[in-house]
Amino acid sequence: MTSEPPGPLSASRLLSADLHAEIVEPDGGSEALSTASHALLEAAFEVGVWEAGPGTDTDLEVDELFLVLSGEGTVTFQDGSSVDLRAGVLVRLREGDRTTWSITRRLRKLYLI
């Protein structure tokens, strides 16, 4: 097995050397949760880091897959089901899901939409 020589191709494969250190900017998504985000890749899909909370707010979701990196809370769906959020939890949201986010400790997630 050979290692890839350094260059533009290998640099374009590394989206983040440290997700926990990525700087996010306020995105206006939710004033109640003080949301902030940073897109790491925008192509046929988007990959980024998102932060919110603490606080509570509602949302109408898009198709999204996310991994909680830090923080705690709960996302509750209109049908009454809920998912407890903590580091390591992987969640799929579906377009049209109506959710209530209750974040008790500032949440940071890696998302793919």
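Atoms considered below: every heavy atom in the structure, side chains included; atoms not considered: hydrogens, waters and symmetry mates. All residue numbers refer to positions in the sequence shown, counting from 1. If you're wondering where the values come from, they're calculated on a predicted model, not measured in any experiment.
How far OG1 of T100 is from CZ of F77: 10.0 Å, rounded to the nearest 0.5 Å. Note: D97 CG to T76 OG1 = 12.0 Å, rounded to the nearest 0.5 Å. A distance of 11.0 Å separates CD1 in I23 from CD in E51, rounded to the nearest 0.5 Å. Between the OG1 atom of T104 and the CZ atom of R86 there is a distance of 12.0 Å, given to the nearest 0.5 Å. Remark: D57 CG to S34 OG distance equals 10.0 Å, nearest 0.5 Å. For the atom pair CH2 (W50) and CG (L33), the distance works out to 6.0 Å, reported to the nearest 0.5 Å.
Taking every heavy atom of both residues into account, L110 and L40 meet most closely at CD1-CD1, 4.1 Å. Of all heavy-atom pairs between R108 and A21, the closest is NH2-C, 4.2 Å. The nearest pair of heavy atoms linking V68 to G71 is CG1-O, 4.4 Å.
Note on L90 and L19: same hydrophobic cluster, where clusters join Ile, Leu, Val, Met, Phe, Trp and Tyr whose side-chain heavy atoms are under 4.5 Å apart, directly or indirectly. Residues V24 and L112 fall within the same hydrophobic cluster, defined by Ile, Leu, Val, Met, Phe, Trp and Tyr side chains chained together at heavy-atom separations under 4.5 Å. If you chain together hydrophobic residues whose side chains sit under 4.5 Å apart, V83 and Y111 fall into the same group.
More than 12 non-hydrogen atoms from other residues, nucleotides or ligands lie less than 6.0 angstrom from CG of L60.
Applying the side chain to side chain donor-acceptor pair (under 3.5 Å) criterion to D27, with sequence neighbours excluded, gives T35, S37.
When atom types are taken as modelled, the side chain of R106 and the backbone of G53 share a donor-acceptor pair closer than 3.5 angstrom. A distance-only check finds no donor-acceptor pair linking the side chain of D59 to the backbone of E61 [under 3.5 Å].
At a threshold of 4.5 Å between non-hydrogen side-chain atoms, the residues L85 and V91 count as touching. The shortest side-chain heavy-atom distance between R92 and D63 falls under the 4.5 Å cut-off.
With E64 as the partner, the side chain to side chain contact (heavy atoms under 4.5 Å, CB included) test is satisfied by one option alone out of E95, K109, R94, E46: K109.
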Please assess V89 against D84 for the test side chain to side chain contact (heavy atoms under 4.5 Å, CB included), listing each intermediate value before the final yes or no.
-> CA-CA 8 Å; V89 171; D84 290 332; over 6 Å; no

